[in-house]
Amino acid sequence: MQGAGNGLEDNGVAGKLSRGSEKKLKPDRGDGKDTMWGALGRARRSMICLPHPAAVCANVRCRIATPVSQVQPVSYKEQVDFVDWLKERGQRDAYASTTVGISAHGRTLFATRPIQAGERVLRVSRDLLITPDKLPAEVMRMLPQDVSEWARLALFLLAEQHKGQNSTWSPYISCLPPLGSVHSTVFWKKEELELVRHSSLHRETVQRKAIIGAEYNAVQSVLQKCPHLFGHRITQTDFKHAYATVCSRAWGIEALQTLALVPFVDFFNHESYCQALLSYDEEHGYAEVIADRDYAVGSQVMLSYGRLPNSILALDFGFTLSDNPHDQVEVWMGISRRDELRKLKLQLLHAHDMPTFLHADGSDSGGSGFNIRLVKSAIGRGKGIPHTLRAFARVMCVDNAQELNEMAAEAARHDGRLARRPLKDKNREAQAMSLLLARLESMTQQRHSSLLTLRLVETCRGKNMSASSPVTVHVKMAGDVVSGEMRVLRSAIAWLRNHCSPSTVLT
Ligand SMILES: C[S@@+](CC[C@H](N)C(=O)[O-])C[C@H]1O[C@@H](n2cnc3c(N)ncnc32)[C@H](O)[C@@H]1O
């Protein structure tokens, strides 16, 4: 889907480590999303004392009894095994302040000592990072070049799983979520996916599934030639599960130019208001997390995976948040094939750094997707909806070549960006904004009907369905995605109505 991401708003995270599909990433997964690399990361330092591991375990056992944040301990054996394992690898700074517990959302890290904002919660060295180059040399030699880093890490997990207790990574591997417990939309049934059919999540899921299928085909011969490493039959479902596990846990480390799993660190759960990020201290070769707030002993320590909307959380991480402040919706705008000026308009857009989506066969769709986020204040000056989206609407509305030339001249006179200012012709500007408004309203209607369907599904399934059954989880996730998009659309509509004077929005 090359090109579709262009013109989208920057999500505003910058630094060295990143995760989720928000990230600016070099090796494209092929689904057109900018991923992993660019984002996050501030390398900061703080001093932490290192209690004796046995003391950590003992403390953990009594302190986790504190009734805070619904965290339960994992088994004592798992804790001890994990701490021993980290200790053997010289990773004392990993468990100095936290240990693994069980939350409502699987394993998590919770504080074993009071942690203050600004303190380092943990750090792990480069040696603990699982990077694609840790695959057995035999596998590396045979893998086709274009097999992605996600697929390579998935193969790593499969090979280590096959070794079982003999794996040197076993204490970590055995804590990874089992098949069936990952709720990424790539595992949703067709009818479940239909619940989000108006969302970009639908298309992105279909694309991701196709990519995983293609990667599975690409690694088939290696799997077949290496039963001693992978066992006799790795099914596509096994591979998809390993791949989804990687997508939900791997970090792009820009400094090392690699994707990596970071054992222990990947037990942090995500919170949308959390400011704590995983960063990589290039100088000392450590990945570390600095607390963004104070934590009492026994409370769950949170991390931000990035400012990720529910659509990305659902696809990459298999969960959504009911009230996600980072929600976004993709607004698709396209120049009609019936438009006599289509060719000229596309030339103009492309010449001004506004690319349009290319189909797989290379033909131009004539359109582009624009991500919009919640507009916080309808009446405030704020950022409002993206300038590029408004610019595209202005170009769409032009009905003569002369006006297109004027637009180009206007852009050249100013900062080179096309149609960024309201058009001088008030009627034309009103037409463009009305077009945009109509588009947003029709998208709202689509989501409204999706929400009605979702309500119907919930009613039909009745109250007997367990809250943890996959269908219940998926319906709830679909509801979060759609209602999040609805909130964004409504805020954009309110902003557009207020921002443009009555004379510039035809009603
Ligand atoms: C990096 S792992 C975190 C550790 C994970 N809880 C575990 O059991 O291993 C990411 C996964 O944790 C879960 N998760 C993290 N934050 C969550 C949240 N706020 N709500 C629900 N699930 C969450 C999701 O299953 C996600 O795919």
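When a residue number appears, it is its place in the shown sequence, counting from 1. As the structure lists them, so they are numbered: ligands from 1, and atoms in each ligand from 1.
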Basic-acidic side-chain contact under 4.0 Å: [X], [Y]:
X	Y	answer
E160	K163	yes
R113	E119	yes
R233	D238	no
R197	E194	yes

[X] N/O under 3.5 Å from ligand 1 N/O:
X	value
R107	yes
F317	yes
R249	yes

Who gets closest to atom 15 (C) of ligand 1 by heavy atom: T320, V473, N269?
N269

Relative to atom 4 (C) of ligand 1, which among D266, L176, V100 owns the nearest non-hydrogen atom?
D266

Near [X], which atoms of ligand 1 are under 4.0 Å from a heavy atom of that residue?
X	value
G106	6 (N), 8 (O)
H105	6 (N), 13 (C), 18 (C), 20 (N), 21 (C), 22 (N), 23 (C)
S248	1 (C), 10 (C), 27 (O)

Is the contact between F268 and ligand 1 made by the side chain, the backbone, both, or neither, using heavy atoms and a 4.0 Å cut-off?
backbone

Does the ring of W495 carry R373 above it, NZ/CZ under 6.0 angstrom from centre and within 45° of its axis?
no

When you look at CZ of R126, are more than 12 heavy atoms from neighbouring residues, nucleotides or ligands closer to it than 6.0 Å?
yes

